[in-house]
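Each remark here refers to the structure printed beneath this line.
Chain identifiers are assigned alphabetically (A, B, ...) following the order of the sequence lines, protein sequences preceding nucleic acid strands; residue numbering begins at 1 within each chain. Because the structure is a prediction, the values reported are computed rather than measured.
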There are 2 protein chains.
Amino acid sequence: MNIGKAASKAGLSVKTVRYYANIGMVAAYQDPQTGYREYSDDDVAKLQFIGKARRFNFSIEECRELLSLYQDKNRPSKEVKALTLEKIAEIEEKLAELQGLRDQLHHLATHCQGDDRPDCPILEALSASPDR
Amino acid sequence: MNIGKAASKAGLSVKTVRYYANIGMVAAYQDPQTGYREYSDDDVAKLQFIGKARRFNFSIEECRELLSLYQDKNRPSKEVKALTLEKIAEIEEKLAELQGLRDQLHHLATHCQGDDRPDCPILEALSASPDR
DNA sequence: TATAAACTCTCCCCTTACTGGAAAGTAAAG
DNA sequence: CTTTACTTTCCAGTAAGGGGAGAGTTTATA
C-alpha cells in the first residue's frame, strides 16, 4: 500500500511516516521509477508500535531500542522492563517538578487580588532579589 | 557592566543573555565602537525577572507579557493573575497526562517478569492492534 | 480520451529556547 | 609585549516533525 494508507492505518500523519523513513526507523521499499514508497502490513505494525511508544513518551531513540527488542524474538524481557522503569522514573521526576511549580503559582495566585489596582504579589515575587 | 557580569548576576548564561538581546527582550546599549553591550542594574533586574518566570514554566512570549505588565506601573493586577491561572491550568493538564502515562507504564511493568525469557507483556501491549 | 482531482515525491524553511563552536576583535593582567 | 580572558558576529544543531512549493503519478470523472 502507499504511504497515505499506511499512515492512516497506523494513526500517524504522512509527514511523520515519511520522517520515520528518512531517519531509517521504518524504511519501506521505494519504487525506483516513481519514487513511491511501498508499505507492507508488517511495516504498518511497526508504525503502530512506534506510535504507541511515542504516546507513552518514549523518545525516537528509545523507540528504536524498543523496536529492535520487539523484532528480536530471543530478547530477554528484562531489557524492556528496565527501559520502562527508567521511563517511569523520568516521568515521576517531571511530575514532582510540575507539582512544585503548580503549588508555588497557586500560592501566588491566591494572594493576588486580581483587580484593577496595580499592586500584585505575583510580580513582586518575580521581581524579588535573587532566589539563590 | 559587561555581559558576563550581568549574566552571572542574573544567574543566566552569557549565551542566554545575548539571545534575549537579539530577540529584543532585554536590549542593552551597545557601544558602536567595540560592539560591547553595556548592562545597567535595571537590565539585570529584568534578566532576573525573566529567569524566574522561565523557571515557572512561562514561555518567552509570556515572559514578554509579564515583563511589560511589570514595567507598567498602572497595570491592573488581574491581567497578571489571569495569566498565572492559565499557566496553572496548563500545568494541571500536563500533570494529568503524565500521571496517566505513569500508571499505564507501571501496570505494564508489574506484569512483566523482567527475566531472561523473551515473553514480555510490555512489548505485547505496544504491538497490540490499534488502540483507537 | 482528456482533464481534473487526489496522491506522492523532494526540498527547504519554521517551530522553542537556547547551546556550541569558529574566527576575529578588545580588554585586562603579568 | 605577550598571554589570557572577554566579547563580538555568524553558522549549525537540538526534537520531532509541520507547512508549503513545485513537480511528477495515479485515479476518477466528464
Side-chain angles (χ1 to χ4, degrees), chain A residues 1-40 43-44 46-67 87 90-91 94 97 101, chain B residues 1-40 43-44 46-67 87 90-91 94 97 101:
Chain A
M1 75 196 84
N2 283 342
I3 197 171
K5 187 159 186 195
S8 82
K9 271 197 173 192
L12 300 173
S13 78
V14 168
K15 280 279 190 185
T16 298
V17 175
R18 203 173 277 133
Y19 172 70
Y20 290 164
N22 287 332
I23 64 174
M25 190 114 96
V26 179
Y29 167 77
Q30 200 164 12
D31 187 324
Q33 306 301 324
T34 66
Y36 276 33
R37 293 179 178 81
E38 188 65 29
Y39 287 84
S40 65
D43 291 329
V44 171
K46 286 188 208 168
L47 289 172
Q48 280 173 348
F49 179 94
I50 296 164
K52 248 183 229 187
R54 292 283 302 127
R55 262 170 262 140
F56 274 117
N57 254 23
F58 285 100
S59 73
I60 290 289
E61 282 317 305
E62 288 166 334
C63 286
R64 222 188 272 275
E65 279 184 72
L66 286 172
L67 194 58
K87 180 54 60 181
E90 219 173 89
I91 292 177
K94 190 76 187 170
E97 185 197 331
L101 280 179
Chain B
M1 74 197 85
N2 282 342
I3 197 171
K5 187 160 187 194
S8 81
K9 272 197 172 192
L12 300 172
S13 78
V14 169
K15 280 280 190 181
T16 298
V17 174
R18 202 173 277 132
Y19 172 70
Y20 290 164
N22 286 334
I23 63 173
M25 189 114 97
V26 179
Y29 167 77
Q30 200 165 11
D31 186 324
Q33 306 300 323
T34 67
Y36 277 32
R37 292 179 178 82
E38 188 65 30
Y39 286 85
S40 65
D43 290 328
V44 171
K46 285 187 207 170
L47 289 172
Q48 280 173 348
F49 179 94
I50 296 165
K52 246 183 234 191
R54 292 284 301 127
R55 261 170 262 139
F56 274 116
N57 254 23
F58 284 100
S59 74
I60 290 289
E61 283 315 306
E62 287 167 335
C63 286
R64 221 188 271 274
E65 279 185 70
L66 285 172
L67 194 59
K87 180 55 61 182
E90 220 173 90
I91 292 176
K94 190 78 187 166
E97 186 196 332
L101 281 179

**Request:** Not counting sequence neighbours, list each pair that qualifies as a salt bridge (charged side-chain N to carboxylate O under 4.0 Å, His left out) and has a residue in residues 56-65 of chain B.
**Result:** B:E61-B:R64, B:E62-B:K87

**Prompt:** For the helix from C:dT1-D:dA30 to C:dG30-D:dC1, how many degrees between its two end axes (five pairs per end), to the nearest 10°?
**Reply:** 20°

**Request:** Side chain of A:I60 only, please: which of D:dA16, D:dT8, D:dG19 is the nearest?
**Result:** D:dA16

**Request:** Would you kindly give the CD-to-C1' distance between A:E62 and D:dA16, to the nearest whole Å?
**Result:** 14 Å

**Rounded interatomic separation in angstrom, taking NZ from B:K15 and C1' from D:dT7** = 11 Å

**Item:** B:N22 CG to D:dT9 P, straight-line distance once rounded to whole Å
**Value:** 7 Å

**Separation of B:E38 CD from B:D31 CG (nearest 0.5 Å)** = 8.0 Å

**Item:** Sugar-phosphate only, base, or nothing, as touched by A:R18 at under 4.0 Å among non-hydrogen atoms
**Value:** base

**Message:** On the nucleotide D:dG17, are OP1 or OP2 found under 4.0 Å from the side-chain N or O atoms that A:R54 carries?
**Reply:** yes

**Prompt:** Under 4.0 angstrom, heavy atoms only, what part of the nucleic acid is B:E38 near: base, sugar-phosphate, or nothing?
**Reply:** nothing

**Fill in**
So the contacted stretch of DNA chain C, first to last nucleotide with an atom under 4.0 Å from a non-hydrogen atom of chain B, runs from C:dA17 to C:dA27

**Asked** Do any side-chain nitrogens or oxygens of B:T34 fall under 4.0 Å of OP1 or OP2 in D:dT7?
**Response** no

**Complete:** By nearest-nucleotide position on DNA chain D, the 5'-leaning member of A:E61 and B:I3 is B:I3

**Request:** Could you check whether B:R37 gets within reach of a base, just the sugar-phosphate, or nothing at all, counting any heavy atom under 4.0 Å?
**Result:** sugar-phosphate

**Prompt:** Within the structure shown, what part of the strands sits under 4.0 Å from A:Q30 by heavy-atom distance: base, sugar-phosphate, or nothing?
**Reply:** sugar-phosphate

